[in-house]
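Convention: sequence-line order gives letters A, B, ...; per-chain numbering from 1. Atom set for the values below is all heavy atoms of this structure, side chains included, hydrogens, waters and symmetry mates excluded. These figures come from a predicted structure and were not determined experimentally.
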Amino acid sequence: MSVSTTQSSISHSSHTLSSPSQTIGSLTIDQQIEMIARGTFDIVPKADLKAKLLKSAKDGKPLQIKLGLDPTAPDIHLGFAVVLRKLRQFQDLGHEVVIIIGDYTALIGDPSGRSTTRPMLSSEEIAANGQTYVTQLAKVLDAEKTIVRFNSEWLGKLSFAELVNLASKMTVAQVMQREDFANRFSLGQPISLHELLYPLAQAYDSVAIRADVEMGGQDQTFNNLAGRALQKELGQEPQVVLLMPLLVGLDGVKKMSKSLGNYVGISEAPAAMFGKLMSISDELMPTYFELCTDVPMPDVRILTDADSTHPREAKKRLAREIITLYHGTAAAQAADDEFERVHKEHQVPEEMPEVVVSAESVDADGQVRLTALLVAANLAPSSGEAKRLIQQGGVSVDGTKFADPAGMLLVRSGQVIKVGKNRFARLVAPTGV
RNA sequence: GGGUCGGUGUCCGAGUGGUUAAAGGAGGCGGUCUGUAAAAUCGUCGGUGCAAGCCUACACAAGUUCAAAUCUUGUCCGGCCCA
């Protein structure tokens, strides 16, 4: 993967079309389209995609597939991976991915709650951030066919006159079509002027790199279409806009995001992933199979039909499939075994956080107040919460319910504290106890 | 610039001087049930403390009062109308 802030990096993208495997290489255009279409929310317009694929195959020139990202630390969870995996498919078909890091769009965006302007990143910092992205994205993408660019490269060079000219290509009414703007406006919520410039800036990215396809989440519909419009306006062949649905999080309601805590990170430990995936609702299974795994759709239909497959088994299969993608088959099987042991045989997990009981917290008799211990062990956010958990019967020590909220515990190394259904910690007594 | 309305706990939203750590809903957490699913159901949700209690909290600050989320003034932020 190359990281470059120079204009020349675009030109290096003209190597010949290559395919990683015979099977993919031999796909007809229609088969390729079927593959690409899996799980998509929308492709605008589908006919253009076909035309571009045909042209690319004929000329032996890979398509430029664009994805714009915030310069904030990427939280690569399954939801984000949905888009990345689609990009990977394009790469497997021989095309080239251009990741655009919106360092400049982030700079001009000064959210109203923020009092200080974000400091301008130095080129060293920018390069360093780029490297971080490379490492993280490489978990899904093919590094050979990925280019990382920063949009300060071209947005930073725009003069005010040029910006005004660009802004003249779009009307307020057009921008206000965007659902979130329209909603906020009608609800009487504030919209800052600079926010209206966002779609324009993002659209200009597409012009700058001559994108053939722009990928994005469903929520990016408007921005991506603006790119298409602006390209047309400026005499370029307009990009195809390919939108992926937003993956619903573990709660089954809201989109998966780190801040909502309803996510599965792709770097999470296999056992943790397994547990989280088993907790999703049955209704979510088909979507997760379609968007997060490579299981062929006919198989998915059998797996998600409760008459042919027990939902529990299907869900375990789902968890194994996903874990295999990021940790390999062996880890997936191990996570499955562990899950069985803990939840079916009600044994304690093999691995769990260890908590060293501090010597000061232990009294002369070697006892600790359990509420304090729970807080120290990160099993409860506050002692009030710890008390509640105990009162409600959510805490057990070595399998025995601990019911006294004010109770003291005689600490022995190796004791297992369990809170709720799946939070465990193993105690390590202070030396000498 | 003028007028006007508003800023309450994770979110929404009641509350116009005192049994208000603040109704109700959403959501979270725990128990039961289950397939660690969903649904259902019971309980619980500021901090600290074994407890009595103490502390902090209704944008921010100052004030009136025995007593303020509630009244006054100023500041900040926002909506709407007018210019």
Spacing of the [atom1] atoms in [M] and [N] (rounded, Å):
N     : M     : atom1 : result
B:C58 : B:G17 : C1'   : 15 Å
B:U16 : B:U72 : P     : 14 Å
B:C45 : B:A22 : C1'   : 14 Å
B:U65 : B:G46 : P     : 34 Å
B:C50 : B:A61 : C1'   : 39 Å
B:G9  : B:U41 : C1'   : 27 Å
B:A40 : B:G15 : C1'   : 33 Å
B:A68 : B:U64 : C1'   : 10 Å

Side chains of [X] and [Y]: closer than 4.5 Å at any heavy-atom pair?
X      : Y      : value
A:T40  : A:L242 : yes
A:I322 : A:T324 : no
A:V342 : A:N422 : no
A:M273 : A:K276 : no

Partner residues of [X] under the side chain to side chain contact (heavy atoms under 4.5 Å, CB included) criterion, sequence neighbours left out:
X      : value
A:V348 : A:M352, A:V416, A:F424
A:V83  : A:L67, A:M215, A:M244
A:A335 : A:P270, A:F274, A:I323
A:S308 : A:I302, A:D305

Whole-Å gap separating [atom2] ([N]) and [atom1] ([X]):
X      : N     : atom1 : atom2 : result
A:K344 : B:U34 : NZ    : P     : 15 Å
A:K316 : B:G35 : NZ    : P     : 13 Å
A:F402 : B:G30 : CZ    : C1'   : 17 Å
A:L379 : B:C29 : CG    : C1'   : 14 Å
A:K418 : B:G30 : NZ    : C1'   : 12 Å
A:R423 : B:G31 : CZ    : C1'   : 14 Å

Please write out each protein N/O paired with an N/O of nucleotides 41-44 of chain B under 3.5 Å, distance rounded to 0.1 Å.
unit_1: B:G43; atom_1: N2; unit_2: A:Q392; atom_2: OE1; d: 3.0
unit_1: B:G43; atom_1: N2; unit_2: A:Q392; atom_2: NE2; d: 3.1
unit_1: B:G43; atom_1: N3; unit_2: A:Q392; atom_2: OE1; d: 3.0
unit_1: B:U44; atom_1: O4'; unit_2: A:Q392; atom_2: OE1; d: 3.0

**OP:** Give the intermediate values and the outcome of side chain to side chain donor-acceptor pair (under 3.5 Å) for residues A:T287 and A:E290.
**Re:** CA-CA 5 Å; A:T287 313; A:E290 182 177 24; over 6 Å; no

Could you tell me whether [X] and [Y] make a salt bridge, using a distance below 4.0 angstrom between a side-chain N and a carboxylate O?
X      : Y      : result
A:D294 : A:R85  : yes
A:R317 : A:E321 : yes
A:D205 : A:R149 : no

Original post:
When you measure from the side chain of A:K421, which nucleotide among B:C29, B:G35, B:C33 comes out closest?
Top reply: B:C33

Original post:
Does RNA chain B take part in any stems of at least 3 consecutive Watson-Crick or G-U pairs (both distances under 3.5 Å), and if so, which ones?
Top reply: B:1-7 with B:76-82, B:10-12 with B:24-26, B:27-32 with B:40-45, B:46-48 with B:53-55, B:59-63 with B:71-75

Subject >> Listed once per pair and sorted, the salt bridge (charged side-chain N to carboxylate O under 4.0 Å, His left out) pairs that draw on residues 347-372 of chain A, sequence neighbours left out >> reply: A:R341-A:E350

**OP:** From the options A:K316, A:K344, A:K315, A:R312, select the one residue that forms a salt bridge (Lys or Arg N to Asp or Glu O under 4.0 Å) with A:D336.
**Re:** A:K316

**OP:** For the residue pair A:E214 and A:S206, confirm or rule out a side-chain donor-acceptor distance under 3.5 Å.
**Re:** yes

Find every protein N or O atom lying less than 3.5 Å from an N or O atom of nucleotides 49-51 of chain B, and list the pairs.
unit_1: B:G49; atom_1: OP2; unit_2: A:S383; atom_2: OG; d: 2.7
unit_1: B:G49; atom_1: O6; unit_2: A:K387; atom_2: NZ; d: 3.1
unit_1: B:C50; atom_1: OP1; unit_2: A:R369; atom_2: NE; d: 3.1
unit_1: B:C50; atom_1: O4'; unit_2: A:R369; atom_2: NH1; d: 3.3
unit_1: B:A51; atom_1: OP1; unit_2: A:K387; atom_2: NZ; d: 3.2

Identify all pairs in which a protein N or O lies below 3.5 Å from an N or O of nucleotides 11-13 of chain B, and state each distance.
none

**OP:** Only pairs at least two apart or in different chains count here, so list each ring-ring contact (aromatic ring centres under 6.0 Å, His included) that has a residue in residues 294-337 of chain A.
**Re:** none

List the atom pairs, with distances to 0.1 Å, where a side-chain N or O of residues 370-386 of chain A and a protein N or O form a donor-acceptor pair under 3.5 Å, not counting sequence neighbours.
unit_1: A:S382; atom_1: OG; unit_2: A:E385; atom_2: N; d: 3.2
unit_1: A:E385; atom_1: OE1; unit_2: A:R388; atom_2: NH1; d: 2.6

Original post:
So which of residues 278-297 of chain A are in contact with RNA chain B, with a heavy-atom cut-off of under 4.0 Å?
Top reply: A:S279, A:I280, A:S281, A:D282

